[in-house]
Amino acid sequence: MYIMSVVYNRKVELYEMSWVLRDGLRDSLVAAAPYGGPIAVMKESQCLSPSVRPQLDIYTASGVTMATFPWKSGPVVQLGWSVSEELLCVQQDGTVLIYDLTGAFLRHFSMGQEVVQSHVSEAKIFHSPYGTGVAIVTGSSRFTLATNIDDLKLRRLPEVPGLQGAPSCWAVLNQDRQTKVLLANGPELYLLDNTCCTSVLPGGSPLDGVFVHIAVSFSYKYLALFTDTGHLWTGLANLQVRPAHSQVRPHPPPSVVVLWERLLLVVAVGGDTVQYPLDEACVCVGELDGVRLLSPSRHELLQEVPLVCEDIFKIASMGPGALLLEAHKEYQAASFGKCFLTNLSPEAFVSVCRDLRVLNAVRDPSIGIPLTHTQLYPLAIEVCVCVCRLVYRRLYPLAIEVCRYLKTPEYQGVSRILRHWACSKVQQKGESDEVMVRCISGRLADSPGISYSHIASKAYDSGRTELAIKLLDYEARSGEQVPLLLKMRRSQLALSKAIESGDTDLVYTVVSYVKNEMNRGDFFMTLRNQPVALSLYRQFCKLQEQETLKDLYNQDDDHQELANYYVSASYREKVQANCYVSASYREKVQANYYVSASYREKVQANYYVSASYRERYWWLKLKSLAEKEEWEELEKFSKSKKSPVGYLPFVEVCMKKSNKYEAKKYVTKVTPEQRVRAHLTIEDVEGAADAAIERRSEAEIGTVISHCSSSSSSSQRLLLDKLQRALTTANRK
Amino acid sequence: MAAHLTNGRVNLNILREAARKELREFLDKCAGSKAIVWDEYLTGPFGLIAQYSLLKEHEVEKMFTLKGGRLPPADVKNIIFFVRPRLELMDIIAENVFSDKSNSRDYHILFVPRRSMLCEQRLKEQGVLGSFTNIDEYILDLIPYDGDLLSMESEGAFRECYLENDQTTLYHTAKGLMTLQALYGTIPQIYGKGDCARHVANMMLRMKREFAGSQNQILPVFDTLLLLDRNVDLLTPLATQLTYEGLIDEIYGITNGYVKLPPEKFAQKKQGEGSKDLPTEPKKLQLNSAEELYAEIRDKNFNAVGAALSKKAKIISAAFEERHNAKTVGEIKQFVSQLPHMQAARSSLANHTSIAELIKDLTSKRSVQEHRNAFEADGFVFCPVASEAFFDNLTVEQEFMTGVDTDKVNTYIEDCISQKDPLIKVLRLMCMQSVCNNGLKQKVLDFYKREILQTYGYEHMLTLNNLEKTGLLKLQTNSRNNYPTIRKTLKLWMEDANEQTPNDISYVYSGYAPLSVRLTQVLARPGWRSIEEVLKMLPGPHFEERQQLPAGLHKKRQQGENRTTLVFFLGGVTYAEITALRFLSQMEDSGMEYIIATTKLINGSSWIKSLMDHPETQIP
């Protein structure tokens, strides 16, 4: 089912190594980072007497020394590089020390307490979409994983049944977004994941012998197993020989490289082999599209010839590329022909040329980053790998040049480089704060998207608080300044920055921080100078801390608010008191209201003679009486004195209780102006009509008509005629 | 589904779709079946973005309302809390999580509109922060409400900004405007009037600096942004709106685009059945421009609605009569194909005729008591006016607005107090008098206050105090009353307002032209420089800012092409003001189209209500 194509291999020399190694690479721990990364070399410690400290050297891929220092910590089991080119050194006691490219110590973490006792017997450093991970196996045959060293979560994998001592070989796999360990114990294979350990069998015909090597491809897609009987099994990482449900495979699976002391064997699919004898011991470094071979004198790249190159250089190839090459040889102009292609978009041509120039620049031995074109944009990340590499090596000018040349958006390219530069700048000692700030702000001034707070926090981390504060002043996003200012205990400044940002949540955060930090008096004084914060804090207190609110008002001598506070507090108490008694407050108040009506009437009658109070008293009383349906009392009341509110209200309150009978009693007492309305209120249209006609008021007749129009009984119609006639007479006048 | 958003000048559906996409993304982050626990306050605004069907598609099986105690039982993998960032809600969530015994569940919090460190801190103190798998924010600032209308649906915005000096809403406003600019391009010109407007503009400019570099390359849709503080024009919301939509809102209250109406008028009258069982549930209707008829009549003065409805009725019945003319099969087929549309039009007509009748009953002079009773029984606490009272009320309002006797105790207000009319109505009138008189004299103010406290209870002291703090009610200081000057300069009162075929925005209040909209109108032509004096009399600074556009995005305007202005009312806007702006958009020679944005749609009553304090119900 595989496309049986003949695969060509090529071995290209990248560099003549400029390093000087006394004993070659033998007996050394060597780690080279992928994507043409740096090389770390450490002499195996056990070969040396304990009194001599091993030397740790960091070189570029071309062998230029970047750092060299004596190793002072415990014995190292494994070296490795993280995706961001940090050197990871796994010690025997499970401690992982992290260094940067220049050999500066960054931080360390431990792979767990139990490892201290049982020791790390083997360790592997691997890369996954989540970052860089570390896997170890202990002397007591237990595996521990950390999938991402930047977000450390240790996972102790379950025990492998029957495993005594170290497994014969193992590898870390990445399947279904999970990190697993594949290990061999003699002739048996086990797959370990978070929860269980499963025994597995490679697909295809059964293999005999003991597994001695497991290799996983760079992409975690393919797997190779090697037995002590000399059998090599290749297949997919899920141990199937071929994909479960795939008809066509565009790419044949990669070849497997087997390395012996003096021999390199490339095994292609189908079993074709190519042998390369070696003159010195080599170290193999897996890459996305090949294998790098490191030897004391040379650095070579072994890869399958990419199809495009094959098309060009294959003997008797008639591919377009080959023809173009021929044309180039003849006419010295590769791009000459494209002028004749009117419909060809030049974009691809231009971008490839641009990329090639960049690659040539970084491959220069003085830089020493042997990237291939395939490796330039892995996983379609927005910034190309070489820029990151340059930044890690602090080759800022070249990185900026590359970004400008590649036309990377400034936000993602140049600004990031500058930020990196500034971060490393602030960690340097020696220069005064002023010089440093001027230097940084001068360089970064008009670059968009620079996070000064990030730089400032770096400065703070390296103990330069004053510098950090000065740098923060340049931060445009005040929101970003606040957390750091709080960390540096500049709460006053943090508060004013938070207010400046307008983000009230941020203000609250600072306020609650300040509240815990200061004594109450100082806290209140601080708030007093910041009205916005003060009013926010008041809101907070209203909901959460009523008592504090009182203190706040007291301090400010805000008598008005203090009064309000007491008013609402006393109302609240009343409610709470009433909660014990089952009757609700409202009911009680309502009840009181009616009961006290008579009391109030007395008081008010005695007190106020003013018109408005009398009116209100009348309203109050007549409403209460109607509410209690004390009609006799109401009638008595109406006769007690001349009503200051007129008699229409009497009609209305009766009707409110739907007592037409009582309401009628008062209609006659209503003043002529309101009589029509009174009649209408008791739904007496005839009466209203008569009253309106009597008053000869056009408007009022109109009102009555509008009330009649909806029904159509004969009496209504008669009435309507009558009104219409009246209207015309009224009009005539 | 959101047809009402796409038919305007600016396609606001883009905003809605962006919001929906974000919601879907969040829901997909929580794999498996889900139950949503809602902060009740959010359900309304969310309804404008997504219906239940969208949630269901993403495995939301249950929905609960957030309350203390235990969560109701639900057999789901994920529990998601949709909450505003409020401390008291965090306590409830903590209680919920603690009492939930099943430990196989994942909890998530979605903060709307922003996550808050303060709240997370609280959760941490309560010891539940670690229980949450996802803590996320759902940035829902400006919600598309209609084709030309965006609202933040933030109820307490005015109270927060002008009473409590809490600028949270303003911050959200600025953020919302940034989101809007990300979708519709940078707005080159910003005008504003008022302190809050200044603050928002400052924040916007600052945020723009912060995001410098990540500039979007979108051709600007809006030419101008006008930010207006509500306290620049306190008068307009106090007046009773007299447009159809405005009156529906005044009487029944429109919330989140829906109105609840008394059901009697909407009883299905089927032949032969009679009306034996009346529906008891209030009738719920959605009101927006998707409904053709409503779009046509919403902005009319109520006095012109009757005529419009009867005209429409004639057209529809004529359309139905067409069937008699349909002779050939083809003609019949064509008729039938139009049927669904016609039937929809007919039911829409029936609904609006009923609503118009309901309103007419309340605003025209008949059977006072009947309605008052009906309202009080229904629990409409602030039934504004009924018939006779409606006119009396309107007369007084118009007297105030024209400056008649605003410096004396008004007898109508006095009567209302003695009769213990709804307090909100009294406050509304009183505030109006104060605003139209540039404050009340000590004697008058004291009189009103005393009357109110003695009649309605002393707890209202707090409310009165609030009104004074926001400037709705104030003591007249020595300075002279400048309202008449403002009225004359801006032509706020038009004697001959034409209600049927309007020629000026004053028709929306039958004479009064809303101050806020006049400011907008003057800004467009001839510009604010002509009214410098008046602007100085109104509170807060006025300003103009320009935002630099990226090169190549300058609009090449075609001859006669209208400009678009986004008018943002900070602290709320009334339906009548929106209507007035729509009227300006439609005026042939205005050359300007308006899109309206606001913190909340308000009317005088809901506005005053938001400023009231009820000490006996506020238990912390």
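Chain A is the first sequence line, chain B the second, and so forth, proteins listed ahead of strands; every chain is numbered from 1. Computation of the quantities below employed the complete heavy-atom set of this structure, encompassing side-chain atoms and omitting hydrogens, waters and symmetry-equivalent molecules.
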**Item:** Region of A:E561 in contact with chain B, defined by heavy-atom distances below 4.5 Å
**Value:** side chain
Interatomic distance, [X] atom [atom1] to [Y] atom [atom2] [nearest 0.5 angstrom]:
X: B:K469; Y: A:N564; atom1: NZ; atom2: CG; value: 6.5 Å
X: A:D505; Y: B:E120; atom1: CG; atom2: CD; value: 8.5 Å
X: A:D503; Y: B:Y171; atom1: CG; atom2: OH; value: 3.5 Å
X: B:D166; Y: A:Y508; atom1: CG; atom2: OH; value: 5.0 Å

**Request:** Identify the heavy atoms of A:S512 and B:L118 that sit nearest to each other, and give their distance.
**Result:**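 Taking A:S512 first and B:L118 second, the nearest heavy atoms are OG-CD1, 3.9 Å.
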**Message:** What verdict does the side-chain contact (heavy atoms from CB on, under 4.5 Å) test give for B:N465 and A:Q560, after you've listed the backbone C-alpha separation in whole Å, the side-chain angles of each residue and the deciding distance to 0.1 Å?
**Reply:** CA-CA 9 Å; B:N465 190 33; A:Q560 173 78 59; 3.5 Å; yes
**Request:** Look at the side chain of B:T168 and the backbone N and O of A:T504, then say whether any donor-acceptor pair between them is shorter than 3.5 Å.
**Result:**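 No; judged by distance alone, with no hydrogens or angles, the pair does not exist.
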**Verdict with reasoning, A:Q539 to B:E160, per side-chain contact (heavy atoms from CB on, under 4.5 Å)** = CA-CA 9 Å; A:Q539 282 317 108; B:E160 277 172 23; over 6 Å; no
**Asked** Going by heavy atoms in the side chains, are B:S418 and A:V645 under 4.5 Å from each other?
**Response**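 With C-beta onward as the side chain, the pair stays apart.
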**Complete:** Applying a strict 4.5 Å limit to non-hydrogen atoms, the region of B:R115 in contact with chain A is backbone
**Message:** A:L536 vs B:E164, test: side-chain contact (heavy atoms from CB on, under 4.5 Å). Steps then yes/no.
**Reply:** CA-CA 8 Å; A:L536 284 176; B:E164 291 160 354; over 6 Å; no
**Request:** Output the option from B:Q167, B:M203, B:M117 having the highest count of non-hydrogen pairs under 4.5 Å with chain A.
**Result:**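 When all of B:Q167, B:M203, B:M117 are compared, B:M117 has the most.
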**Request:** Determine, stepwise, if the pair A:T509 / B:Q121 fulfils side-chain contact (heavy atoms from CB on, under 4.5 Å).
**Result:** CA-CA 9 Å; A:T509 309; B:Q121 184 63 35; over 6 Å; no
